[in-house]
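Below is one structure; the comments refer to it alone.
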Amino acid sequence: MSVNEKAVDFDEIKKDLRSSLIPVMGNEEWLKDVPHKKIEDLALIYRLDFISNDEPFQKTTRVTVTNEIVENLGMSDRQFMEKADSVIPENDPPVLRNLTDVLGISGGDDAAPQIIVATNSTSREGAGVIHYQGVLDKAAELLQGDFMVLPSSIHEVLLLKDDGRMTVEDLKEMVHSVNSDVVDPLDQLSDQVYHYDSREKVFELAEKFEERKTRDRTEERHSVLKELKNGREKSGHDRSDKPRKLSQEAR
């Protein structure tokens, strides 16, 4: 009997829980029946991986967690997702590796940008590790600051240090090209590029970060100009008072 057909306890299934990151576009209707979290144009969904170790092969049966399953657990979507998020990193730990190590390249060019591959322990449907608590901050430590997130596929993402070498448009063009020429359509995640602000701890579309940065600079510039203007006005009032006082003393 499946979890859809009977009431079960969360503790019975927690060891089988995993998460996946998928594009929202094209899945809008399907997502209505699935508890999920929207992360910009992406959706984090939950699944149950029932692993059988019967010889001679290990077999995994994957079941997407639906609203019906959550209802059978006697939980709200929010309650389920909070508890699931707390156990999934232990079930399927995150893996952060330098791209040169993944490709088996020794030495490397010191001038080349540092890139980290982020995935899970199985390297399957591992892009969702960016939602694990603390993973983005750990990556920020390794990359020593802010970084761009390139959606390589549903299986992994690439984290590129934000050192200003490439523009957002250049990175988007590169992601789109790789998706079109290399990645299987079923494994494609997005043509967008994302940014992690390590100081503010904000994950967002890179274009949004650029807009926010420009807006902050503009507001800061206006603030400085306002202070300078107020300073001039105050200085002018001080000067205008002095002759008046002198004239009064002269009388």
With no hydrogens and no angle check, do the side chains of S20 and R47 hold a donor and an acceptor under 3.5 Å apart?
yes
Gap between atom [atom2] of [Y] and atom [atom1] of [X] - 0.5 Å precision:
X: L171; Y: R165; atom1: CG; atom2: CZ; answer: 12.0 Å
X: N179; Y: D191; atom1: CG; atom2: CG; answer: 5.0 Å
X: K14; Y: L48; atom1: NZ; atom2: CG; answer: 14.0 Å
X: H36; Y: L42; atom1: NE2; atom2: CG; answer: 11.5 Å

Looking at E207, E200, E204, which one forms a salt bridge (Lys or Arg N to Asp or Glu O under 4.0 Å) with R212?
E204
Which heavy atom of [X] sits nearest a heavy atom of [Y], and at what distance?
X: F209; Y: D197; value: CE1-OD2, 3.9 Å
X: D41; Y: S190; value: OD2-OG, 2.9 Å
X: T66; Y: P35; value: C-CD, 3.5 Å
X: I154; Y: L21; value: CG2-O, 3.7 Å
X: L158; Y: S152; value: CG-CB, 4.1 Å
X: A43; Y: L31; value: CB-CD1, 3.9 Å

Between N120 and V129, does a side chain to side chain contact (heavy atoms under 4.5 Å, CB included) hold up when you go through it step by step?
CA-CA 6 Å; N120 56 18; V129 298; 3.9 Å; yes
Begin from the C-alpha positions of N91 and D49 and carry the test side chain to side chain contact (heavy atoms under 4.5 Å, CB included) through to its verdict.
CA-CA 10 Å; N91 294 343; D49 283 6; over 6 Å; no
List the steps, then state whether side chain to side chain contact (heavy atoms under 4.5 Å, CB included) holds for K208 with E40.
CA-CA 10 Å; K208 283 187 180 180; E40 295 294 3; 3.0 Å; yes
Heavy-atom count check: over 12 atoms from other residues, nucleotides or ligands less than 6.0 Å from [X] [atom1]?
X: K138; atom1: NZ; value: no
X: Q144; atom1: CD; value: no
X: M25; atom1: CE; value: no
X: K37; atom1: NZ; value: yes
X: R78; atom1: CZ; value: no
X: E28; atom1: CD; value: yes

Would you check, one step at a time, whether the test side chain to side chain contact (heavy atoms under 4.5 Å, CB included) holds for H195 with D146?
CA-CA 7 Å; H195 181 274; D146 293 8; 3.4 Å; yes
If you group Ile, Leu, Val, Met, Phe, Trp and Tyr by side-chain heavy-atom gaps below 4.5 Å, do [X] and [Y] land in one group?
X: V117; Y: M166; value: yes
X: V65; Y: F50; value: yes
X: V175; Y: V168; value: yes

Short side-chain to backbone donor-acceptor contact, Q79 and S76, under 3.5 Å:
yes
Expected output: side-chain S19 to main-chain G128 donor-acceptor under 3.5 Å
no
Centroid-centroid distance, Y46 to F80, less than 6.0 Å
yes
Flag the pair Y196 / F203 as yes when their ring centroid distance falls below 6.0 Å, and as no otherwise.
no
